[in-house]
Protein chains: 2
Amino acid sequence: MKQKGQSVAQSLQQNWINKLTDQGFRITKPLEIVSGILASSEKILNPTEVYQRARQFYPKIGLVTVYRTLEKLEQVGLIGRVHMPDGCQSFFQAQCGHQHLIICVKCSKAEYFEGDNLNVFFHSIGTQFGYQVQDHWLQLFGLCKQCQAMTLNPAKE
Amino acid sequence: MKQKGQSVAQSLQQNWINKLTDQGFRITKPLEIVSGILASSEKILNPTEVYQRARQFYPKIGLVTVYRTLEKLEQVGLIGRVHMPDGCQSFFQAQCGHQHLIICVKCSKAEYFEGDNLNVFFHSIGTQFGYQVQDHWLQLFGLCKQCQAMTLNPAKE
DNA sequence: TTGATTGCAAATATTTTGCAGGCAT
DNA sequence: ATGCCTGCAAAATATTTGCAATCAA
């Protein structure tokens, strides 16, 4: 699956850069950094977390730029906003099609899962209550494998 | 279903007042007003909306008190926090058991629906991804009957 | 070159905290 | 009478906007 000499995350980031270029955005250092972070993160991140990570690569980046860059990436559909128990300004790589997230409550690691067969059910609920269903949010919260292990053996943390 | 001489909403509010008294809270005017609003609202409301409604009944109420009262009602489990597309600080009457919401995107009218059979599915997704599922959020968004009618015939709005 | 993008500072918006006085119990 | 609760003012957060300087194209 991997392309020669680059990781999945790297090729994903390259793909993002291409899309951003196509959309007419200029590829600046902050855009590259923030894209790289989101494209390679398996965790859902809020603006501050993105900012903190970004500064490690590019100390002079400003929080404002992070906000603006996230907005762009969302606009282009590369990342999506995710509501978390502690706020609704977190982001994660987007995935096309209607998929759903399973999220670790401890480390925010997240993965998409399929639930197409649910649409029929959702639609029938809508009919039952007289709603024209347009969209739905489905998120599962739990402990990921790694955080389960840490909970059993905190010394490893 | 209704009790003699009082509406369902009124009896629900009385029930809330009883619970709050049991918990040792003092029944003040602001608490009564805010409880009444939430107990009788079929819409999900954010703090500002609650504040605006509350002022109609008790103009000298402060926004801070609304925040603090919502916190209390949430603590006692009478209302629950609901994440909406435009924010995550909205509230709605709580309902016990694991139920899910169907919400109108236009007017925020909401109703709970059952989906117990989903738990098996959610659990199996967890197993599949190595997560110990603890909780889930399921919300459907659409147009309620009334807002559908308004959309077709805006004159009536 | 040129104008989109950045980073700073300041403005907004939202929510929380401190405190003196009021009121439910 | 007691001390929980309120409302005001102010603080703390979080997010957005204005603008001159920078830099990708």
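Just so it is clear: chains get the letters A, B, ... in the order the sequence lines come, proteins before strands, and each one is counted from 1.
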### Task
Specify the angle, to 10°, made by the local axes at the two ends of the helix from C/dT1-D/dA25 to C/dT25-D/dA1 when five pairs are taken at each end.
40°
### Task
Side-chain contact test, heavy atoms from C-beta onward, threshold under 4.5 Å: evaluate it for B/Val105 versus B/Leu143 and give yes or no.
yes
### Message
From CD1 of B/Ile27 over to C1' of D/dT6, roughly how many Å is that when rounded to an integer?
### Response
15 Å
### Task
Check whether any side-chain heavy atom of B/Leu73 sits under 4.5 Å from a side-chain heavy atom of B/Leu20, and report yes or no.
yes
### Task
Determine the interplanar angle of the A/His100 and A/Phe113 rings, folded into 0 to 90°, and report it as parallel if under 30°, tilted if 30 to 60°, perpendicular if over 60°.
tilted
### Per-nucleotide protein contact string for nucleotides 3-17 of chain C, where B marks a base within reach and S marks sugar-phosphate only (heavy atoms under 4.0 Å, - for neither)
BBSBBBB----SSBB
### Query
In the single-linkage hydrophobic clustering (I, L, V, M, F, W, Y; side-chain heavy atoms under 4.5 Å), do A/Ile44 and A/Val34 co-cluster?
no
### Query
Nearest 0.5 Å, what's the CD-CD distance between A/Glu114 and B/Gln128?
10.0 Å
### Query
What is the ring orientation for B/Trp137 with A/Phe141, classed by angle as parallel under 30°, tilted 30 to 60°, or perpendicular over 60°?
perpendicular
### Value in whole Å for how far the P atom of D/dC23 lies from CD of A/Glu32
14 Å
### Query
Rounded to the nearest Å, what distance is computed from the CG atom of residue B/Asp22 to the P atom of nucleotide C/dT25?
13 Å
### Task
Report the distance from atom CD1 of A/Ile33 to atom P of D/dA24, rounded to the nearest whole Å.
13 Å
### Task
Apply the test ring pair (Phe, Tyr, Trp, His ring centres under 6.0 Å) to residues B/Tyr51 and B/Tyr67: give CA-CA distance (whole Å), side-chain angles for both, the deciding distance (0.1 Å), then the verdict.
CA-CA 9 Å; B/Tyr51 177 55; B/Tyr67 272 98; 9.1 Å; no
### Query
Tell me, do A/Leu118 and A/Leu138 make a side-chain contact under 4.5 Å, heavy atoms counted?
yes
#### Entry: Whole-Å distance separating the CD atom of B/Gln23 from the P atom of D/dC5
12 Å
